[in-house]
Structures are given as C-alpha cells and as structure tokens.
Amino acid sequence: MNNAIERPNSVTNFALNLTGPLAALVAMYVLRAMHRQGPEAVFIVCVAGVVPIVLLDLFVLRVHRRDTTGLDWNKASAPPDVARVATKLLGLAATVGPIALAYFVFPEYGDWYTPFWALMKRFGVGLIACSVAYFWVVDGMMREPRDVYWQIGRALLGHHEDARGADIANHARGWLIKAFYLPLFVVYSLNQLDAILKYDFARLQGAGLPLYHFSSDLIYALDVLYATVGYILSLRVIDTHLRSAEPTMLGWAVALECYMPFWGSLFSRLYLHYEGIGFETWLGGHPTMLWVWAGAILVCEFVYLLATFAFGVRFSNLTHRGILTGGPYRFTKHPAYVAKNISWWLITLPFIPNHGGWVDSIKWTLALGGVSFMYYMRARTEERHLSRDPTYVQYALWMNEHGVLRWFGRFSLFGVHPFRYAAPPEKKQA
C-alpha cells in the first residue's frame, strides 16, 4: 500500500546548506563595512556562500564516496591514461566550441552580457587550466572512464562505433541548458548582489515600504547566487554532475519561456502581459493591512528562497542532479513554484478593477492565470522527467499521502486528477 512507502533520503542536507547563505550574508556585511563593491566583491560573496556547503558535503555527507559519482577512490593512485584524457579534452573542445560560436554570432549576447564577457576574459585561461587538471585527475578514478567526452572525441577521430547516441544527446541537452542559463544568471548575480552591497540604508527611513522592497531584493539576490553556482559546479567529485537533461520539447518550451529573452521580448509583451492595481495602491490608506499584506508576500518569497537553498550547489533548470526530499521539499514537490506564483498574485492583484475597469481586470487575471498554468506545466514535465529515477517515484508517491497540499489531489476533472502524482506504469509500487 502507498501509505507504507517511506520518504527517501534527500541528495542534500537542508540544514547544512543553510551555512552557505549565512556565510554569504556575513561576507556582505563585512564588504559593506569595508566599502567594497563591484565584481570582485560579488565574487567574494559567492565564494563565501559556496565553500561551507562544499566542505560540509565532503566531510559530513561524504558525497564524493557515493556510488552515484561513478568514482572509485581506491583507484586514486592509478595513473591516468594520457591518450584517453587527450581524447576527452578533444570532446570537451567540440562541446564548448559551438557554444562559443553561438555567443559570438547571436545578437542577443551583446551589451547586456558585458559583465559575463568581462568574467570570461579574466578567468577564461584559468578555467581552461582547471578543466585540464580536472579531467586528468578524475579519469584515473572513474569506474567507467569511457564517458561521453571520450565518446565524442573518439567519434571525431573516426571511431564512430565508440559513440552512443543516447549519451551524446543527453550531454548536448545538458550543455545547451548550461549555455543558456549560465550567462543570464551570472549577470543577474553581479547586478543584484552589487545592488545590495551599494544599498543606502538611509533609504529605509523613507516613506512607503522601503524595508519590504529591500528584503525582496535581498531574497532574489541570494536566489540568483545559488542558481549561478549551481550551473558552474556540475562536478562528479562532489556528486553534483548531470544525471539527465529534460528530453521533451514541451519541457524545454515551458521552462525557457519564463526567462529572458523569451519572456520579456515575446510572451510577456505579446501574449501573457498582465498588470494590476498593486497591493501598495490598493491598501495605501490602511497602513496596518499594507504591512500584513507585504509580510505575506515576503513569507512566500522566503519559502521560494528556502527551496533554492535546498539544492545547495546543484541548482539547475531542466536537469536531474539528484532528488531533493528535505527542507521545503518535505512539504510539497514544488515549493518554489507554489510560493512564487502566490506572491505574484498578491503583488499585482490583477482581479481588482483599476482605471481600465473590469475589461482590463479580466484580461490581466487570465494572463496571470496563463503564467500560473505555465508553471503547472513545468511541474508536470519535471515530474515526468524525474520519474525515470525510482527514488523520485517513491518520493512523489509518499507526497501523495503526506504533502501539505495532498488534499488538492482529490480534485478531479473529467475523471483525471491533475494535482495527484501518478507513477509511470513500469514504476508503480505496491
């Protein structure tokens, strides 16, 4: 029976992960006291926020010893195969080269991404050196060293029989995801964290809700910090490597349309544009209720942030890098989506008529409803992808009976339960 299913262990430890944000906040405080700003200061904040998590993962959770890494540390003394490592580096070059060319050709990657290009110019040579060293060290410890980089390299050398199409396709999807999101989040991190370091706290004495706005900005700055490092630190030695990437076009479509340039230039402008009276205008004459409402929004945004913290250093859209079952994921499968969408409804209040009357109100409500439906589809496609892992199936079935939103599962539409998880037929458990 499903009620006998136990919640599986999480790939990360939520409590340990919280040491990172605490260290990042301390670093921000110190840097502000030293009047340090700019990319170097942001880099220090990021390092401070990452190192404690990685160290605790290694020395407490011993993630490097997990079977999922594919590494055998007893082979650490075995010398790497020089020819094999060279072949892998050829595969890496063949992977990164087309991405670099796309950055060069596509107009999208122009002035707005200048901070990203500045970082690449500054650290590019170091990244190349670290990549060579990483491949050299890890190759000698891999249980199956003929990985996808080796397969690509062998194919380029004319040995196509050594390449497995499914592996290469999954590899290509994973790198496309990184190529799209990493520059975006690097710029977000640099801009938003630097804005926190430069913030004039005298503004908190001003009229309106400056404390609310600062708190919201801080929440999203910390969020993009851990999103950014998640795309960077995809490494076997700390068990944060890619297991699989979303294989369906639908999954990609509903995820990518939530981000620039697709959201700002296309979907928000032409299809799902919404506004609203806004809670600050609606409750402007009721200061107590205004603060209560702002507090509710911050609670939602804080839950969203905690969901990001639950990933530790393995956040990444459209990928499977281990199953989370702790922190906010102990209570619902999609805490970030639920909390973020509720906050948007509370902020904009599109259903309350404003200057445009009921017509605009109906349009905006339907548009924001479309955005929420888009996130519902993201949740469904993610569940379908992750259900290839039996651990996720066990977790999702457990959530059917124990999640705080399990009562949603009773809702039926034409005989279908859209909010209740159903395991794939081959994965169903007794």
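All residue numbers refer to positions in the sequence shown, counting from 1.
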query: Between Tyr376 and Phe419, is the ring centre distance below 6.0 Å?
result: yes
query: Once the angle between the rings of Phe201 and Tyr199 is folded into 0 to 90°, is it parallel (under 30°), tilted (30 to 60°) or perpendicular (over 60°)?
result: perpendicular
Under 3.5 Å side-chain donor-acceptor pair for Arg378 and Tyr337: yes
message: Test: salt bridge (charged side-chain N to carboxylate O under 4.0 Å, His left out). Region: residues 352-368. Which pairs qualify, not counting sequence neighbours?
response: Asp360-Lys363
- prompt: For the rings on His171 and Tyr149, is their centre-to-centre separation under 6.0 Å?
  reply: yes
- prompt: Are Arg146 and Asp162 close enough for a salt bridge, meaning some N to O gap below 4.0 Å?
  reply: no
If you look only at distance, which donor and acceptor atoms sit under 3.5 Å apart when one is on a side chain in residues 41-53 and the other is two or more places apart or in another chain?
none

Exercise answer: donor-acceptor pairs, residues 177-198 side-chain atoms, under 3.5 Å, sequence neighbours excluded:
residue, atom, partner, partner atom, Å
Lys178, NZ, Tyr231, O, 2.4
Ser189, OG, Phe185, O, 3.0
Ser189, OG, Val224, O, 3.0
Ser189, OG, Thr228, OG1, 2.6
Asn191, ND2, Val187, O, 3.4
Asp194, OD1, Gly38, N, 2.7
Asp194, OD2, Lys198, NZ, 2.9

- line: Quick note, salt bridge (charged side-chain N to carboxylate O under 4.0 Å, His left out) partners involving residues 267-285, not counting sequence neighbours, are none
query: Is the shortest side-chain N to carboxylate O distance from Glu40 to Arg122 below 4.0 Å?
result: yes
message: Tell me if the centroids of the rings in Trp117 and Tyr103 come within less than 6.0 Å of each other.
response: yes
query: Are Ser387 and Tyr392 side-chain neighbours, meaning at least one heavy-atom pair lies under 4.5 Å?
result: yes
- prompt: At their closest point, which heavy atom of Gly326 faces which heavy atom of Ala310, and how far apart are they?
  reply: O-CB, 4.4 Å
message: Please check: side-chain N/O of Asp72 versus main-chain N/O of Met141, any donor-acceptor pairing under 3.5 Å?
response: no
- prompt: Do Thr325 and Trp398 have side-chain N/O donor and acceptor atoms under 3.5 Å apart?
  reply: no
task: Test Thr248 against Arg384 for side-chain contact (heavy atoms from CB on, under 4.5 Å), laying out the working first.
output: CA-CA 10 Å; Thr248 68; Arg384 182 174 59 188; 3.3 Å; yes
- request: Evaluate the side-chain proximity of Thr114 to Tyr109: yes if any heavy-atom separation is below 4.5 Å, no if none is.
  value: no
Pairs flagged by side-chain hydrogen bond (donor to acceptor under 3.5 Å, both in side chains) wherever residues 291-313 is involved - sequence neighbours left out: Ser216-Glu301, Asp223-Tyr304, Asp223-Thr308
query: Taking the side chain as C-beta and beyond, is there a heavy-atom pair between Leu61 and Arg66 under 4.5 Å?
result: yes
query: Any chance OH of Tyr271 has more than 12 other-residue heavy atoms, nucleotides or ligands included, within less than 6.0 Å?
result: no
Working for side-chain hydrogen bond (donor to acceptor under 3.5 Å, both in side chains), residues Asn170 and Ser244: CA-CA 6 Å; Asn170 184 63; Ser244 63; 5.0 Å; no
message: With a 4.5 Å cut-off on side-chain heavy atoms, are His64 and Thr69 touching?
response: no
- prompt: Would a line drawn from the ring center of Tyr226 to the ring center of Phe309 be shorter than 6.0 Å?
  reply: yes
query: Under the 3.5 angstrom rule, does the side chain of His402 hit a backbone N or O of Phe331 as a donor-acceptor pair?
result: no
- prompt: Counting only N and O atoms by type, is there a donor-acceptor contact under 3.5 Å from the side chain of His320 to the main-chain atoms of Gly322?
  reply: yes
task: Quick one: closest heavy-atom pair of Val393 and Ala423, and the distance?
output: CG1-CB, 3.7 Å
Side-chain heavy atoms of Trp150 within contact of Val148, under 4.5 Å: no
query: Do Asp147 and Arg143 sit within salt-bridge range, that is, some charged N less than 4.0 Å from a carboxylate O?
result: no
Any Ser10 side-chain heavy atom under 4.5 Å of Tyr395 side chain: no
Name of the residue among Tyr274, Phe279, Tyr375 meeting ring pair (Phe, Tyr, Trp, His ring centres under 6.0 Å) with Trp344: Tyr375
- request: Please report the shortest heavy-atom distance between Thr319 and Leu386, naming the atom on each side.
  value: O-CD2, 4.5 Å
task: For the residue pair Glu401 and Arg406, establish whether any side-chain heavy-atom pair is separated by less than 4.5 Å.
output: no
field: Atom pair CD (Glu382) and CD (Glu246), whose distance is rounded to the nearest 0.5 Å
entry: 8.0 Å
message: By the salt bridge (charged side-chain N to carboxylate O under 4.0 Å, His left out) test, which pairs, at least two apart or in different chains, include something from residues 320-348?
response: Lys333-Glu383
field: From CG (Leu366) to CH2 (Trp364), nearest 0.5 Å
entry: 12.5 Å
- line: OG of Ser234 to CZ of Arg314, rounded to nearest 0.5 Å, is 9.5 Å
message: Check the orientation of Phe311 and Phe315. Use parallel for under 30°, tilted for 30 to 60°, and perpendicular for over 60°.
response: perpendicular
message: With a 4.5 Å cut-off on side-chain heavy atoms, are Ser361 and Asn354 touching?
response: no
query: How many angstroms lie between CE in Met142 and CG in Asp139, if you round to the nearest 0.5 Å?
result: 7.5 Å
Flag, side chain of Ser265 to backbone of Phe262, donor-acceptor distance under 3.5 Å: no
Distance (rounded to the nearest 0.5 Å) between Ile342 CD1 and Ser372 OG: 9.5 Å
task: Measure the spacing between OG1 of Thr381 and CG of Leu318 and express it to the nearest 0.5 Å.
output: 7.5 Å
message: Just checking Tyr212: does its OH atom have more than 12 heavy atoms from other residues, nucleotides or ligands closer to it than 6.0 angstrom?
response: yes
message: Tell me if a side-chain donor or acceptor on Glu257 pairs with a main-chain N or O of Trp263 at a distance below 3.5 Å.
response: no
